[in-house]
Amino acid sequence: MRVLVSESALAAWQPTRANPWNRSAAAHLIRRGGFGPQPGDLERALDEGLERTIERLSEAPDAHAENVNGIHSLLGVGKLAHLQAWWMSLITEGGIPLQERSALMWHNHFATSNDKVDDVRMMHAQNAILREHGLGDFRVLLRKLAKDPAMLVWLDGNANKRGNPNENFAREVMELFALGIGNYDEHDIQEAARAFTGWGTLGRAFAFSPDHHDRGEKRIFGRRGSFNGDEAIELVLEHPACPEHVARRLLTCFVSESPEPTDVQELAAILVERDWNIGATLDVLLRSELFFRSEHRRGRIAGPVELVALTARALGRAISPTRLSLAAERMGQSLFRPPSVKGWDGGRSWINAGTWLARHNELASTVIDKSGKPRAKLNETFASASNRREPSARVLWALFPDGVEAPFAKLMREAADGCSSEQEALARVAALALSAPEYHLV
Amino acid sequence: MLTTRRQFLVQGIGVTATLSALPALTGALAPRTNRRERVLVVLQLSGGNDGLNTVIPRTQDAYFRLRPTLAVGSNAVHALDKHYGLHPSMNALAEVFEEGKLAVVHGIGHLVAERSHFRSMEIWHTASSALPLPASGWLGRLADQISERAPGSMPALHIGGGMLPLALRGEGNLAPTVRDPGGFLLSPNNESFASARNKLLNASDAKGDLAFLRGSATSTYHAAERMAELTSNETSVAYPNTELGRQLELVARLISGDFGTRIFQVELGGFDHHSRQAPAHQALLAQLSNALAAFQQDLDESGDADRVMTLAFSEFGRRAAENGSRGTDHGAGAPAFVMGSRVKRGLHGTAPDLERLVDGDVAVTTDFRSVYSALEKDWLGLKPSTSVAPLDLLS
Amino acid sequence: MKLRFPWALASLASLLLLSSAAETWSSSNSTPRSASRESNLLFDALPKNSLFVLEAPGLAALVEQGPNSPLARALGASPSVRALLDQADPSLDQLIAQGSAILETPLLPRLGSLLAGGLALSVSADESELYWTLVANGDDAKKTEASLRRVLQHLAKQFGMAKAFNRPHDSIEGADVWYIGDELSVARKGAFLVASTSNKYLRDALVTISSAKQPRDEAGDRADAPVLRVTLRAEEWLKSKAGHEGAAKLRELRASATDPAVQFLLGPSLALLTRSADFQAELMVEEEDLRLRIDGTGIDAGSFAKLLPGRAESFDRRPPAVQPTSSGADLLLYRDIDALFENRADLFAVETLPKFAEAISNLSLFIGGMDLTDKVLPGLSPWMRLVVDAVEFDEGARPAQPLPAACLIVELKDKERLGGSLVAAFQSAISLTNIERAQQAKPPFLLGIELVEGVEMSKAHYLLTSPEDGVDMEYNLAPACALVDSTFVLGTHKHLVSRVVRELAAGERTKSTERSLTENLSLPGALLIDTLLDNMDSLVMSKVLEEGVSKTEARAELEVVLGLLELVRNLDLQVSARDSEHVAVDLRLDLRSESEFPYRADDSSAVTR
């Protein structure tokens, strides 16, 4: 077992007085490891400490199985909107935080769009794989997704036949899923495509057609053999670039958009040590000094799905999952419909005039209704407490648990003062806070 | 080697950081584009428009033979020349042709046989049939070039619901989508809210992503304000009361109001008629014709007609023979329309010969990329996507 | 647990409760009364130009019995009704307690006394102002006096003017009169109470009452008096300059008759009802049944008269009836599609005409060889029967969202040519659908023929490709059609069609000879209950995703709906156009009696069929 030297960025973070386990650290952990705190979560995190808080990210809420299985009664109707709303409901409330976070990460990594697959049951089946295996052995995850019917339809698996290979599937497995550009050449792709011939779908299930399979000898990554599809996948997994490709994805999702090469290598080694178990690897990562570094806290632009989820959870109010999913779509991220196999690029590409407008309007509508009046019960949402009674303080406490700059707080207070009622002040400050660029950094 | 957008954004942070470090500059004080800058409007007809029933080969017997129930009688069509005429419901567009502002390009298409909507649109959008799929589209690349010359402007806009088309994806930026034909409508937007919001944007110094977000927010609010100003301008032209009509009306307002955008994409869907084609196709062509004609008239009246060119295309045509359910199946070559006061009027390209079909389809005699080149290079004065020689479309 | 619920259903529940005591007036064989009224003193006391009048002849006895009547007990036995009443704030009990406190005597019996001779309320217009007038007659002047006094004292306290109403402000025609604020005047003479927002109408009412020979409202004494009677003079309302909001809604209602979709869905008679100059509605209770009768008179049908029953010159044979089942709905509709198409230019707005053209074009596609408007439409009888019933799905073919099937039964004029063409049209439609489904890589319909009692039935069903996935909603559709002699049968599921065909083929063909012009609907509560129960999981989940409520909350709300549906044994609706100027609607709601509760044995069991 490799000993993590204390200078290693992935060594466990030790809170100190200068760098304590405080609201900022707890919020960062719950935001990145899950989808943000609900009212009371931060107080509890501070009480219980780092370890217990990490554990909670993997704990199932009440009626978890029921929440996950509830969609079965609607799959027969065949509407994608139901599936989108269902996943959104798991993300905001009914799911296991870390499990849903990783499922969303894998959805982006193994991006498949219903626009081409056009079958809600198949998209659901793929999503189930992401949920069940997303924190398990990555090798199992890749093997299962490689034969997932939705994936095969998406990547033209059915068109890949002996004598007329279609390289789409092989290319994406190498370029996007497992290895990354530069770790294979065109020849590898062509030969791997031959190995995958015969893989396809019948109805909604995986089917292998021996007649269409090319049994000839192939040369992949310098190895020779009459490889079939399963064996080609194993070759890919055995490629030295694979662990780093996976590690890079984990770092990009949980830590920062441009990870250091040394961190990537180190995390890759940890992944392999832990038998490719994603959950165990994340265990190390989420406790690490690297993760808790201040430059990574509120260090990237929030994506639409995570932004609406964070907001819904922070408000602690039941909001229609259908509405939330539609809001995320208008902001540029439609669940189960990534724009291409490359997924959503994220970061600054989330932002343009149209999507910023959507962020502004959709988030404001959680606290203000169509006619401009404050929504009901805002005083409960932004509860008062002994140390804060003034409206702007209450809102900032809920939405910016790690605090804000003084000028920002001052401007919020002025905005609240200009209102004629408490409800109005809460709504005004909340709408301003939600549309402030600071809020969109996660 | 194609860089992924992520790589560009990560490595290109230097460029954008410089821009975003001056939030006041982006949008608010962005150099107003020279009023005489040329504009390109692209109207996508989604589903595969039946070209043979749009630009009708009324003197070819084969037309009536191949389409016993769908063929349109010769008297009813609006003659474009001796041999061709527009579908009867396109009287408005026929008038535009009479005024010399419409060009028809025969037999346009891509040279690769491809009957899938998905794949065919990808080829049109990226101006390439190469795989793997390029990450950017032809309009996006034009937008990138415009951005380089005029940073901070909004070079391209997508008008309509739905996801951003691949055509508009650029290396450096993604064109915003304007969902509502009323423009960017902020809510809430009363004065006190807006002023508090603006104060927050200047609350403190910022760098990196925060500065970028502030810059984007500022330019969004300015764009929304500007659009609100422009859409409140009255127009004397009566646009048809359809979604397309309202969208083109917005485009005209933005052009005549010098909003700054130079590339627009709009869509009209529903052309995929495998059965019972006649009534639905007729309705769509009427919509298309009325909206385009109103658009051109509006530009004529605002004095902007000289600098706007509109391209209407579909991802493929339909087969020459009708199928058994009074509809048509996916085909190949079809006509495209190029509309503008500076267009070379008339019918371009090689007219389809129904006696010499290719596998039952109208032959593709004009490479669509030649139309692109003409619009990119000759019209907009930018670097074209491909090296295919431009069609002679401008007067 | 907060339950949100539409007001309409809550008011229905309270109406049912209020109507309970009218049982004493019940006479199960009574025919509905027509609009005439003989001596009706209260009505006469109201302004002559009233636009809207509400009378409650049967209200008093009903209020007196309150929650003790059999029907109220039946409703009280339903958990849904109790849940609805519980969620009211303030609750019914609280309101009664408050009222009793003000009157210093139990509320309900006192109300019974105050209203013993009837109650009437009117809305009238004078220039552009609306005025309200209310008259009531009690059975004991002393009680009326005492109650009025206490109410006025209570009001005075509310306004902070303690002694303002201690003595009457005025006396008119021997009645004591009080003026409340600028708007309202209240008067009492003997056991009569009058209130109005217009002094003039108050005075007129008092004059009428004073000069009346009979002190009581005779109409209210009749055993078959309705609980409520409403009269609305719609045309007068529109002519007056008052009540703009109401007028706008009335105009919308009237305009709806000219919408082709409304004509087709509601039928010509019901659509014309909206154009009545005057409406009268009566609500009666007979045993456990509620009966609502609406009469629309003074209808100016114009060209729409051509669409009414009895107008068709040629062919209008009625389709045979089928055996009703415990869960089957039966509708007999009159839709003269031929006349609709033929007269469309006269009847409908010019913007709708292209849709007709498109419909003709689409339908013609299927019916090869016969002209649609010339031969097909005139060959269909306008009397159409629609049977809706639950389906016994085959093993492994039951959708996760099972829906009832519908079956159309219609007589044909020319069974050889038209009948054959329609069956062929069915087959064409299936084939065309298959082409489109092939494009979408979806499984096709399998077309087949089955012999049912010697009759050829064409049928189609989707191939079930991966049953282990679950059966999708589209598998509810397994259409079939058949021609039994001159009767054409077309339905959404072959099991229902097959059952209908079997009955028609084997049974006696009773050709209906009566010339009744009535359309009717019979809908058993069981059909709605079954459908709701079968789809409960999907509906709960759908609510959860749409509204953001928890599963428990969603389920609770749906259980309330289910509970209300359980009250209904059957719903019967009859619509008849007496002539082109008068349309009558008769709605009958058969409720279950208290002894039938609880209707479901336990929460999870489905209703037995």
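Naming: A, B, ... by sequence-line order, numbering from 1 per chain.
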task: Flag the pair B:R226 and B:D258 as a salt bridge only when some basic side-chain nitrogen lies within less than 4.0 angstrom of an acidic carboxylate oxygen.
output: no

field: Exceeds 12 heavy-atom contacts within 6.0 angstrom, atom CG of B:D205
entry: no

- prompt: Which residues, numbered in order, of residues 426-433 of chain A come under 4.5 angstrom of chain B by heavy-atom distance?
  reply: A:R428, A:A431, A:L432

A:E186/A:R171 ion pair, N-O < 4.0 Å: yes

task: Check whether the ring centres of A:H107 and A:F336 lie less than 6.0 Å apart, and answer yes or no.
output: yes

task: Scan residues 423-442 of chain A for pairs that pass ring pair (Phe, Tyr, Trp, His ring centres under 6.0 Å), counting only residues two or more places apart or in two chains.
output: A:W356-A:H440, A:F400-A:Y439

- line: In terms of heavy-atom pairs under 4.5 Å with chain B, the winner among A:R330, A:R300, A:E405 is A:R330

task: Answer with side chain, backbone, both or neither: which region of A:D115 has an atom nearer than 4.5 Å to a non-hydrogen atom of chain B?
output: both

- prompt: Quick check, are the ring centers of B:H110 and B:F316 under 6.0 angstrom apart?
  reply: no

task: Using a cut-off of under 4.5 Å on heavy-atom pairs, state which of B:S204, B:A224, B:A217 scores highest against chain A.
output: B:A217

field: Residues in salt bridge (charged side-chain N to carboxylate O under 4.0 Å, His left out) contact with A:D156, at least two apart in sequence or another chain
entry: A:K116

query: Any residues in residues 176-183 of chain B near chain A, with a heavy-atom distance under 4.5 Å, and which are they?
result: B:P176, B:T177, B:R179

Salt-bridge criterion met for B:R246 and B:E249 (N-O under 4.0 Å): no

message: Less than 4.5 Å to any heavy atom of chain A: does that hold for the side chain of B:L157, its backbone, both, or neither?
response: neither

message: Can a donor-acceptor pair be found, under 3.5 Å and without considering hydrogens, that links the side chain of B:D209 to the backbone of A:L441?
response: no

- request: Is it possible for you to check whether B:R197 lies under 6.0 Å from the centre of the six-membered ring of B:Y221, through NZ or CZ, and within 45° of that ring's axis?
  value: yes

- line: So, the part of B:N189 with a heavy atom under 4.5 Å from chain A: the answer is neither

Among the listed options A:L411, A:L357, A:I368, the residue most often paired with chain B at heavy-atom distances under 4.5 Å: A:L357

message: At a 4.5 Å cut-off on heavy atoms, which part of B:S195 comes close to chain A: side chain, backbone, both, or neither?
response: neither

- request: Answer yes or no for A:R32 and A:F254: cation-pi contact, defined as NZ/CZ to six-membered ring centre under 6.0 Å and angle to ring axis within 45°.
  value: no

message: Any side-chain to backbone donor/acceptor pair from A:N160 onto A:A193? Under 3.5 Å, distance only.
response: yes

- prompt: With ring centroids as reference points, do B:H330 and B:H117 lie under 6.0 angstrom apart?
  reply: yes

